[in-house]
Each structure stands twice: as C-alpha cells, then as structure tokens.
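Structure first, then comments.
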Amino acid sequence: MAEQEPTVEQLAAIAAENQEEDSAVSYKPPAQKTLQEIEELDKDDESLRKYKELLLGNRDKVIDPKVPNVQVTRLSLMCASAPHPLVLDLTGDLDNFKKDPFVLKEGVEYKIKISFKVNKEIVSGLKYIQTTSRRAIKIDSTSYMVGSYGPRDTEYEFLTTQEEAPKGMLVRGNYVVKSEFTDDDKFNHLSWEWQLNIRKDWKD
C-alpha cells in the first residue's frame with residue numbers, strides 16, 4: 001500500500017518544530033591580510049619565519065591565476081550503516097544531482113563531510129549553509145562554521161556534528177537540499193542543489 005503524502009499543514013508543522021531562535025552572536029571578522037603582508041611581519045625572526053613557512057606551505061609554487069582561491073570538491077554523507085558510499089563530486093555538472101537523489105534510511109545517524117582546497121590566499125570564516133525543502137516548503141535551515149584556512153597543496157576536510165535522519169511515515173519522501181559554501185565577506189564560493197530521499201529502509 002502506497003504511503004500517503006503529508007498535507008501542507010503537516011509539513012508546516014514539521015518545519016515549525018525544526019525552527020530554532022537564531023542566537024545573536026556578536027562576531028566581527030578580523031581585518032584581512034594578504035600572504036605577502038603576513039610574510040613581511042617579523043621577517044627577521046628565524047623561528048617565526050620557519051613556523052609561517054610550515055603553516056602557509058610552499059609559496060614558490062606558481063598557481064594558475066584562473067583557478068579560484070577556494071575549490072569545493074566533494075560532499076559526502078558519512079553513515080556507518082549505508083550499503084555504499086554517498087558522495088557528490090562537485091567538480092562536474094552540478095545539475096545532475098537534481099535527477100539522482102541520495103537515499104537515506106530513516107532514523108540513521110550521519111555526518112556531512114565537505115572536502116575543499118584553498119589555493120592562493122588565507123580565507124576567513126568559511127561557512128557551510130544547508131536549506132532543506134519539501135514540496136516548496138522550507139523544512140529546515142542549518143549553518144555550520146567551517147573556519148579559516150590558508151593555502152596548501154592538499155585538500156581540507158570539514159565534518160559536521162552528528163545528525164539523525166527523521167523517522168516516521170510523515171517524513172518519508174523526497175527533499176530538495178540547497179547548499180552554499182561562503183565566507184566572512186559573504187563571497188559565494190559554490191552553490192549547488194541536490195535531492196535526498198528518506199525511506200523506511202535503504203532499499204524499499
């Protein structure tokens with residue numbers, strides 16, 4: 001027997017349960033400095049110079065000017081009980097994610113992992129924002145502070161706190177998730193939309 005779709009009123013009630021009052025955090029981002037300015041600071045201090053060299057990596061490497069400073073490469077749903085890896089490759093055609101949804105079993109615990117690179121300058125206050133909707137009704141919106149990072153050859157990985165997938169007949173079905181990777185300057189490094197399907201089991 002097919003499960004009945006929740007009404008608009010029921011979806012609105014679910015959304016209301018997920019809403020939390022925004023905490024009024026008074027945060028003022030620090031003044032941005034270029035890597036060259038940082039390298040010039042205390043340049044006569046040999047121990048500090050070596051520390052900055054370790055922190056900032058090899059600055060002699062030539063970076064293609066066309067390459068963006070921040071590249072978001074993958075989003076992964078980390079779930080121990082998943083039958084196979086749940087990974088979005090963010091370096092290709094982002095429109096494909098709208099056609100092929102992630103399947104997530106109701107009630108399971110999971111984390112989201114974001115893989116990204118910083119290529120040129122230090123970036124401050126990176127943030128991952130995720131808004132979830134169902135039938136054009138916003139169900140939930142979550143913002144994760146990722147932090148500040150300097151350039152290096154290898155990727156960084158950010159892991160969210162553990163979440164629990166919703167459970168019950170009313171919450172099963174398809175969701176549209178809009179993701180955004182931004183920073184203190186509100187620069188949008190990448191936005192993408194993907195689908196999530198909550199089911200009773202991994203394979204109904």
Item to complete: Verify side-chain contact (heavy atoms from CB on, under 4.5 Å) between Ile129 and Thr142, making sure each step is shown before the conclusion.
Response: CA-CA 6 Å; Ile129 303 169; Thr142 309; over 6 Å; no
Item to complete: Check step by step if side-chain contact (heavy atoms from CB on, under 4.5 Å) holds for Leu86 and Tyr110.
Response: CA-CA 11 Å; Leu86 304 172; Tyr110 68 95; over 6 Å; no
Item to complete: Please report the C-alpha distance between Ser179 and Glu193 in whole Å, then the side-chain angles of each, then the deciding distance to 0.1 Å, and finally whether the side chain to side chain donor-acceptor pair (under 3.5 Å) criterion is met.
Response: CA-CA 6 Å; Ser179 295; Glu193 186 177 300; over 6 Å; no
Practice prompt. Carefully, step by step, assess Tyr156 and Ser115 under the rule side chain to side chain donor-acceptor pair (under 3.5 Å).
Written response: CA-CA 6 Å; Tyr156 290 103; Ser115 303; over 6 Å; no
Practice prompt. Begin with the C-alpha distance, continue with both residues' side-chain angles, and end with the deciding distance and a verdict on side-chain contact (heavy atoms from CB on, under 4.5 Å) for Thr132 and Val176.
Written response: CA-CA 6 Å; Thr132 306; Val176 175; over 6 Å; no
Fill in: Derivation and outcome, side-chain contact (heavy atoms from CB on, under 4.5 Å), residues Leu77 and Leu196
CA-CA 11 Å; Leu77 280 182; Leu196 185 64; 4.2 Å; yes
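Salt bridge annotation for Glu106-Arg172: present, with a cationic side-chain nitrogen under 4.0 angstrom from a carboxylate oxygen. For Lys127 and Glu180, the salt-bridge test fails: no basic side-chain N is under 4.0 Å from an acidic carboxylate O. Salt bridge present: Lys113 and Glu157 bring a charged side-chain N and a carboxylate O closer than 4.0 Å.
Among residues two or more places apart in sequence or in another chain, the ring-ring contact (aromatic ring centres under 6.0 Å, His included) test is passed with Phe181 by Phe116.
Judged by distance alone, with hydrogens and angles left aside, the side-chain atoms of Lys200 form no donor-acceptor pair with the main-chain N or O of Lys167 at under 3.5 Å. Asn188 places a side-chain N or O within donor-acceptor distance of the main-chain N or O of Leu190, the cut-off being under 3.5 Å.
When all heavy atoms are compared, the tightest approach of Ser191 to Leu94 is O-CD1, 3.7 Å. Looking at every heavy atom in both residues, Ile139 comes nearest to Arg134 through CG1-N, 3.9 Å. Heavy-atom minimum distance, Val177 versus Gln130: CG1-CG, 3.4 Å. Summarising the geometry of Ser81 relative to Trp202, their closest heavy-atom pair is O-NE1, 3.3 Å, with the distance given to 0.1 Å. Here the shortest heavy-atom pairing between Lys117 and Arg152 reads CE-O, 4.1 Å. Glu121 approaches Asn69 most closely through the heavy-atom pair N-OD1, 2.8 Å.
With rounding to the nearest 0.5 Å, the separation of CD in Glu109 from CD in Gln162 is 4.0 Å. From Lys105, atom NZ reaches atom SG of Cys79 across 9.0 Å, with rounding to the nearest 0.5 Å. How far OG of Ser148 is from CG of Asp184: 6.5 Å, rounded to the nearest 0.5 Å. Atom-to-atom distance recorded for Asp89:CG and Thr73:OG1 is 8.0 Å, nearest 0.5 angstrom. The OG1 atom of Thr131 lies 8.0 Å from the CG atom of Asp140; values are rounded to the nearest 0.5 Å. Of the inter-residue distances, the one linking Tyr128 atom OH with Thr160 atom OG1 reads 8.5 Å to the nearest 0.5 angstrom.
Judged purely by distance below 3.5 Å, without hydrogens or angles, the side chains of Gln71 and Asn119 pair a donor atom with an acceptor atom. No side-chain N or O of Ser133 forms a donor-acceptor pair with one of Tyr175 less than 3.5 Å apart.
Residues Arg74 and Leu90 have side chains not in contact (no heavy-atom distance under 4.5 Å, counting atoms from C-beta outward). Thr161 has its side chain out of reach of Lys111: every pair of non-hydrogen atoms, C-beta onward, lies at least 4.5 Å apart. Inter-residue side-chain proximity for Ile112 and Met78 is flagged as unmet; no heavy-atom pair is nearer than 4.5 Å.
Residue Phe102 forms a side-chain contact (heavy atoms from CB on, under 4.5 Å) with just one option from Ile198, Leu88, Asn197, and that option is Leu88.
Linking ILVMFWY side-chain heavy atoms closer than 4.5 Å, directly or via other members, places Val70 and Tyr149 in a single hydrophobic cluster.
Proximity of the aromatic rings of Trp192 and Phe97 is defined here by a centroid distance below 6.0 angstrom, and this criterion is not met.
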